[in-house]
S.K.: 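Just dropping this structure here.
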Amino acid sequence: MSTPDIINSFGVSLILLAFLLLTLKKLAPQSMWYNLLNVIGAGLTGYGALLINAMPFVILEAIWCLVAVYGLAKATR
């Protein structure tokens, strides 16, 4: 497994963990933890996509990360 694969796998795992916890009602969509998992997951996945030059995925993850940063900022106010 290459370094980008490891980074992408960890990032996607964090995003899926956030979704699972949301679905199980263990986290609220406005919670700090939900948004933090998405920020870190999307950031890692976007970086991993950049390493393999997958630009559409980089754009998707950058937008996902920015939206999650906004949610995190709202959650911590």
Side-chain angles (χ1 to χ4, degrees):
M1 208 178 212
S2 68
T3 300
D5 289 337
I6 294 168
I7 293 169
N8 281 326
S9 296
F10 188 65
V12 168
S13 295
L14 291 177
I15 292 170
L16 289 174
L17 176 62
F19 180 67
L20 174 67
L21 293 173
L22 178 69
T23 301
L24 295 174
K25 299 191 185 314
K26 301 294 182 185
L27 291 177
Q30 303 84 9
S31 73
M32 179 194 71
W33 287 109
Y34 176 74
N35 286 291
L36 186 60
L37 285 170
N38 274 293
V39 166
I40 295 169
L44 286 172
T45 308
Y47 176 64
L50 185 63
L51 291 176
I52 61 172
N53 202 28
M55 292 316 291
F57 198 51
V58 171
I59 293 166
L60 170 70
E61 293 303 324
I63 293 169
W64 190 311
C65 190
L66 289 173
V67 170
V69 166
Y70 174 75
L72 184 60
K74 281 183 63 175
T76 56
R77 275 192 232 149

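Worth knowing before you read on, the calculation uses all heavy atoms, side chains too, and leaves out hydrogens, waters and symmetry mates.
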S.K.: Tell me every residue that passes side-chain contact (heavy atoms from CB on, under 4.5 Å) with I52, counting only those two or more places apart in sequence or in another chain.
M.R.: P4, N8, A54

S.K.: Just by modelled atom types, is the I6 backbone N or O under 3.5 Å from a matching donor or acceptor in the S9 side chain?
M.R.: no

S.K.: Measure the CG-SG distance between L60 and C65 for me, rounded to the nearest 0.5 Å.
M.R.: 11.0 Å

S.K.: At their closest point, which heavy atom of S31 faces which heavy atom of A75, and how far apart are they?
M.R.: C-CB, 3.9 Å

S.K.: Would a hydrophobic clustering, with Ile, Leu, Val, Met, Phe, Trp and Tyr connected at side-chain separations under 4.5 Å, put L51 with L14?
M.R.: yes

S.K.: Checking side-chain contact (heavy atoms from CB on, under 4.5 Å) between M32 and each of L27, L37, L72, which is the one that passes?
M.R.: L72

S.K.: Say whether I7 and F10 are linked into one hydrophobic cluster, either directly or through other cluster members, by side-chain heavy-atom distances under 4.5 angstrom.
M.R.: yes

S.K.: Taking side chain as C-beta onward, heavy atoms only, is L21 less than 4.5 Å from L17?
M.R.: yes

S.K.: Please enumerate all residues that pass side-chain contact (heavy atoms from CB on, under 4.5 Å) together with I63, with sequence neighbours excluded.
M.R.: I59, V67

S.K.: Report whether F57 and I40 are members of the same hydrophobic cluster (ILVMFWY, side-chain heavy atoms less than 4.5 Å apart, transitive linking).
M.R.: no

S.K.: Can you hop from V39 to L44 via hydrophobic side chains spaced under 4.5 Å?
M.R.: yes

S.K.: Does E61 reach the side chain of L50, with side-chain heavy atoms less than 4.5 Å apart?
M.R.: no

S.K.: Scan for side chain to side chain donor-acceptor pair (under 3.5 Å) pairs involving residues 33-56, sequence neighbours excluded, and state none if there are none.
M.R.: N38-W64

